[in-house]
Chemist: 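Take a look at the following structure, please.
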Amino acid sequence: MSRDVELSPAANPLTTAGSTVIGAYADDDRRTVAIVAMDTPLAARIAGALALVTPRRIEERLVSGGLWGQQFDDISEVFNILGVLFNADGAPHVRLSTVYETLRTFPPMEVVGWLASDLPRVDVDATVKGYGGGTMAVVVGGA
């Protein structure tokens, strides 16, 4: 079953790593070249929609904290798929290196700093039909 996702410019860009899930992407030299960050509610809702967990169960879980194990695995796969955003013919290959759930494992300051940097970025509010939404940032480093 597919779910429609609506995107719009973010009302409030993600600027801190508070309650977020962050995917760090690296080149062949293992240098971080991009990140995708989602607030935890958006990550939980996307993972829930992917796994067909009821929206009510997702909301109940959000009240009590971060993602549960399977949700983390599901959103990690979404981050892996998002890696295609950073690959183009003739360009160095980029792959997902690490996913951080900041409520459990705080990312290195290098990664956190990307959210407050002046690097090229896109911030969007995303809504998954029937599940709700949250904010996502895509930040790309200079080469």
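These numbers come from a predicted model, not from an experiment. Numbers for residues simply follow the sequence, beginning at 1.
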Chemist: Mind checking who shares a hydrophobic cluster with Ile81, ILVMFWY linked at side-chain heavy-atom distances under 4.5 Å?
Modeler: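 Via sub-4.5 Å side-chain contacts, Ile81 links to none.
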
Chemist: Using a strict 4.0 Å threshold on nitrogen-to-oxygen distance, state whether Arg95 and Asp27 make a salt bridge.
Modeler: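 Salt bridge: no.
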
Chemist: Any donor and acceptor pair, going by atom type alone, linking the side chain of Gln71 with main-chain N or O of Ala44 inside 3.5 Å?
Modeler: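 Yes: the side chain of Gln71 pairs with the backbone of Ala44.
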
Chemist: Can you pull the ring pair (Phe, Tyr, Trp, His ring centres under 6.0 Å) pairs that have at least one residue in residues 48-96, sequence neighbours excluded?
Modeler: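 Only Tyr25-Phe86 qualify under ring pair (Phe, Tyr, Trp, His ring centres under 6.0 Å).
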
Chemist: Linking Ile, Leu, Val, Met, Phe, Trp and Tyr through side-chain heavy atoms less than 4.5 Å apart, which residues share a cluster with Leu103?
Modeler: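 Cluster partners of Leu103: none, it stands alone.
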
Chemist: Is there a side chain to side chain contact (heavy atoms under 4.5 Å, CB included) between Val122 and Val124 once you walk through the steps?
Modeler: CA-CA 7 Å; Val122 174; Val124 296; 3.9 Å; yes

Chemist: Which pair of heavy atoms, one from Ser76 and one from Leu96, lies closest together, and at what distance?
Modeler: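 Reported closest heavy-atom pair: O-CD2, 3.8 Å.
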
Chemist: Any side-chain heavy atom of Glu110 within less than 4.5 Å of one from Thr32?
Modeler: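 Yes; the side chains approach each other to less than 4.5 Å.
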
Chemist: Please round to the nearest 0.5 Å and tell me the distance separating atom OG1 of Thr98 and atom CD1 of Ile35.
Modeler: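 Result: 12.5 Å between the selected atoms.
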
Chemist: Going by heavy atoms in the side chains, are Pro9 and Asp123 under 4.5 Å from each other?
Modeler: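 No. Closest side-chain heavy atoms not under 4.5 Å.
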
Chemist: Can you name the closest pair of heavy atoms from Thr54 and Tyr131 and give their distance?
Modeler: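 In this case the closest contact between Thr54 and Tyr131 is C-CE2, 4.3 Å.
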
Chemist: Please find the pair of heavy atoms, one from Leu115 and one from Ala137, that lie closest to each other, and give the distance.
Modeler: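 What the structure gives for the nearest pair is CD2-CB, 4.4 Å.
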
Chemist: When you look at Ile46 and Ile75, which way does the side chain to side chain contact (heavy atoms under 4.5 Å, CB included) test go after all the steps?
Modeler: CA-CA 7 Å; Ile46 290 172; Ile75 200 64; 3.8 Å; yes

Chemist: Under 3.5 Å, side chain of Glu101 to main-chain N/O of Leu67, donor-acceptor pair present?
Modeler: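 Such a contact is found between Glu101 side chain and Leu67 backbone.
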
Chemist: Checking Asp125 against Ser8: is there a side-chain donor and acceptor pair closer than 3.5 Å?
Modeler: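 No - no donor-acceptor pair under 3.5 Å links their side chains.
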
Chemist: Got a sec, which pairs hit salt bridge (charged side-chain N to carboxylate O under 4.0 Å, His left out) with one end in residues 61-80, sequence neighbours left out?
Modeler: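 Matches after skipping sequence neighbours: none remain.
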
Chemist: Give the table of side-chain donor-acceptor pairs shorter than 3.5 Å for residues 12-24, with sequence neighbours excluded, one pair per line with atom names and distance.
Modeler:
residue, atom, partner, partner atom, Å
Ser19, OG, Thr40, OG1, 2.8
Thr20, OG1, Ala17, O, 3.4

Chemist: Less than 4.5 Å apart, any side-chain heavy atom of Leu42 and any of Met136?
Modeler: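 In contact.
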
Chemist: Any salt bridge (charged side-chain N to carboxylate O under 4.0 Å, His left out) pairs touching residues 33-51, not counting sequence neighbours?
Modeler: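 As it turns out, the salt bridge (charged side-chain N to carboxylate O under 4.0 Å, His left out) pairs with a partner in residues 33-51, which skip direct neighbours, are Arg45-Glu59.
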
Chemist: Without swapping roles, check the side chain of Asp4 against the backbone of Lys129 for a donor-acceptor pair under 3.5 Å.
Modeler: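 Checking the backbone N and O of Lys129 against the side chain of Asp4, no donor-acceptor pair under 3.5 Å is found.
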
Chemist: If you take all heavy atoms of Phe106 and Val112, which pair is closest and at what distance?
Modeler: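 Looking at all heavy atoms of both residues, the shortest contact is CE2-CG2, 3.5 Å.
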
Chemist: Which heavy-atom pair separates Arg121 from Val139 by the least distance, and what is that distance?
Modeler: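 Here Arg121 and Val139 meet closest at CB-CG2, 3.9 Å.
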
